[in-house]
There are 2 protein chains.
Amino acid sequence: MKLLDIGEVAERSGVAASALRYYEEVGLITSIGRRGLRRQFGRETLLQLSLITMGKAAGFSLREIAGMFGKDGQPDLPRGQLHARADALEAQIRELTTLRDALRHVADCPAPSHLECPKFQKLLRAGTLTAKV
Amino acid sequence: MKLLDIGEVAERSGVAASALRYYEEVGLITSIGRRGLRRQFGRETLLQLSLITMGKAAGFSLREIAGMFGKDGQPDLPRGQLHARADALEAQIRELTTLRDALRHVADCPAPSHLECPKFQKLLRAGTLTAKV
DNA sequence: CCTTGACCTCAAGCTGGCTTTAATTGGCAG
DNA sequence: CTGCCAATTAAAGCCAGCTTGAGGTCAAGG
């Protein structure tokens with residue numbers, strides 16, 4: 001199995017080498033040896049980085065991501081917790097959808113004041129996070 | 001129009017008073033006067049905070065949120081840019097959906113190594129962020 | 001053999017987004 | 001009028017997640 005220098009991993013994953021070192025430091029990924037001083041990474045690291053990047057995009061912290069997948073990319077958590085995560089994600093997806101619709105509404109609605117527009121207010125109230133206005 | 005003390009805004013919006021002061025400092029919200037020392041907020045602030053909270057949940061920075069809505073909650077941006085935002089959100093929604101599915105897969109799939117599982121890999125590759133593995 | 005350039009370590013620094021602390025102010029109930 | 005208590009300010013502090021810089025190492029190519 002061909003090993004990868006950190007530079008190659010960086011290039012192929014789009015994650016900066018400094019960030020990769022940081023990820024290793026905090027235990028998110030593992031290098032499987034050195035060539036001289038240089039860390040060598042296995043190919044599976046690229047897949048792990050896909051997961052990490054995706055998790056980050058999803059708004060999870062590195063700790064949370066580590067907790068979801070374990071450093072080898074295998075799940076550490078019991079199924080129930082993984083499902084709970086998935087459900088939380090679904091809630092977030094709904095939030096995002098609301099926001100997207102709100103944005104589109106704002107772009108298209110000719111009303112002078114959006115905060116007054118009933119349609120807009122309804123959109124806002126659709127969000128679970130909405131305050132007691 | 002009844003004005004609100006910061007404490008009342010904090011309670012009703014779920015945003016800490018210190019955070020509200022911070023938001024005002026960076027221009028995200030505006031108080032419309034003082035009663036003695038105390039800031040007074042209008043009711044529209046609550047709606048603005050809904051937007052802000054939602055935007056944050058969506059992973060936008062405060063700067064970005066400010067740019068989307070302006071401090072009065074009205075859009076600053078031309079329609080095209082708002083639509084572009086909405087489209088970006090949609091992309092993020094797809095990412096999240098992929099992640100959610102990946103999580104569910106991991107929870108349910110009995111395969112010993114998920115990184116090897118073709119179904120899982122396919123899920124990963126569905127994400128736009130996926131590296132050149 | 002020598003140079004080069006990619007990598008190394010460690011420490012410090014930075015940005016964002018707040019929170020905390022300390023010392024003060026002032027509206028309002030009694 | 002008194003005193004309480006919520007609110008005020010400025011400055012410092014904190015966490016995450018990296019990046020940057022200085023100074024060092026070493027494998028490979030010419």
Side-chain angles (χ1 to χ4, degrees), chain A residues 2-42 45-46 48-69 71 92 95 99 129 131, chain B residues 2-42 45-46 48-69 71 92 129 131:
Chain A
K2 196 200 157 200
L3 301 182
L4 305 168
D5 266 17
I6 199 172
E8 208 166 347
V9 175
E11 191 188 345
R12 293 170 70 154
S13 67
V15 178
S18 59
L20 293 174
R21 278 183 220 110
Y22 177 71
Y23 287 173
E24 191 180 10
E25 195 182 320
V26 299
L28 255 184
I29 59 177
T30 318
S31 58
I32 52 187
R34 298 276 178 136
R35 188 181 42 169
L37 285 182
R38 303 181 181 198
R39 287 164 180 80
Q40 299 300 116
F41 291 96
T45 300
L46 292 174
Q48 293 173 21
L49 286 171
S50 289
L51 284 172
I52 293 169
T53 307
M54 221 184 271
K56 282 194 9 170
F60 293 100
S61 70
L62 297 188
R63 283 177 89 75
E64 287 174 316
I65 294 168
M68 275 186 227
F69 300 103
K71 48 184 140 182
Q92 196 182 342
E95 283 283 329
L99 184 61
L129 297 171
Chain B
K2 197 200 159 201
L3 301 183
L4 306 168
D5 266 16
I6 200 172
E8 206 166 349
V9 175
E11 191 187 346
R12 293 172 70 152
S13 67
V15 178
S18 57
L20 292 174
R21 278 183 218 107
Y22 177 72
Y23 286 173
E24 190 180 11
E25 196 182 320
V26 299
L28 255 184
I29 60 176
T30 317
S31 59
I32 52 187
R34 298 278 180 134
R35 189 180 42 169
L37 283 183
R38 303 180 181 200
R39 287 164 181 80
Q40 299 300 115
F41 291 96
T45 301
L46 292 174
Q48 291 173 23
L49 287 171
S50 290
L51 284 171
I52 292 170
T53 307
M54 222 184 271
K56 283 192 10 168
F60 292 100
S61 70
L62 295 188
R63 283 178 88 74
E64 287 175 317
I65 294 168
M68 274 187 228
F69 299 103
K71 47 184 141 184
Q92 197 182 341
L129 297 172

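Convention: sequence-line order gives letters A, B, ...; per-chain numbering from 1.
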Derivation of the side chain to side chain contact (heavy atoms under 4.5 Å, CB included) call for D5(B) and R35(B): CA-CA 9 Å; D5(B) 266 16; R35(B) 189 180 42 169; 2.9 Å; yes
Q40(B) vs R34(B), side chain to side chain contact (heavy atoms under 4.5 Å, CB included): CA-CA, chis, key distance, verdict: CA-CA 5 Å; Q40(B) 299 300 115; R34(B) 298 278 180 134; 5.7 Å; no
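Note that the first and last nucleotides of DNA chain C, 5' to 3', having any atom under 4.0 angstrom from a heavy atom of chain A are dG5(C) to dT9(C).
Between L3(B) and G42(B), the closest heavy-atom pair is CD2-CA, 4.3 Å. Across T30(B) and F41(B), no two heavy atoms sit closer than the pair O-CD2, 3.8 Å. Annotation for I65(B) and K56(B): closest pair CD1-N, 3.5 Å, computed over non-hydrogen atoms. Here the shortest heavy-atom pairing between A17(A) and I6(A) reads O-CD1, 3.6 Å. Contact record, A10(B) with A16(B): CB-C, 4.3 Å, taken as the closest heavy-atom pair.
Only one option out of I29(A), I52(A), L20(A), T45(A) pairs with V15(A) in a side-chain contact (heavy atoms from CB on, under 4.5 Å); it is L20(A).
Checking the phosphate oxygens (OP1, OP2) of dT9(D), a side-chain nitrogen or oxygen of R39(B) falls inside 4.0 Å.
Atom CZ of R34(A) is separated from atom P of dA27(D) by 12 Å (rounded to the nearest Å). R38(B) places its CZ atom 5 Å from the C1' atom of dA6(D), with the value rounded to the nearest Å. Following rounding to the nearest Å, Q40(B) (CD) and dA7(D) (P) show an atom-to-atom distance of 10 Å.
No donor-acceptor contact under 3.5 Å links the side chain of R35(A) to the base of dA27(D).
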Per-nucleotide protein contact string for nucleotides 10-22 of chain D, where B marks a base within reach and S marks sugar-phosphate only (heavy atoms under 4.0 Å, - for neither): -------BBBB--
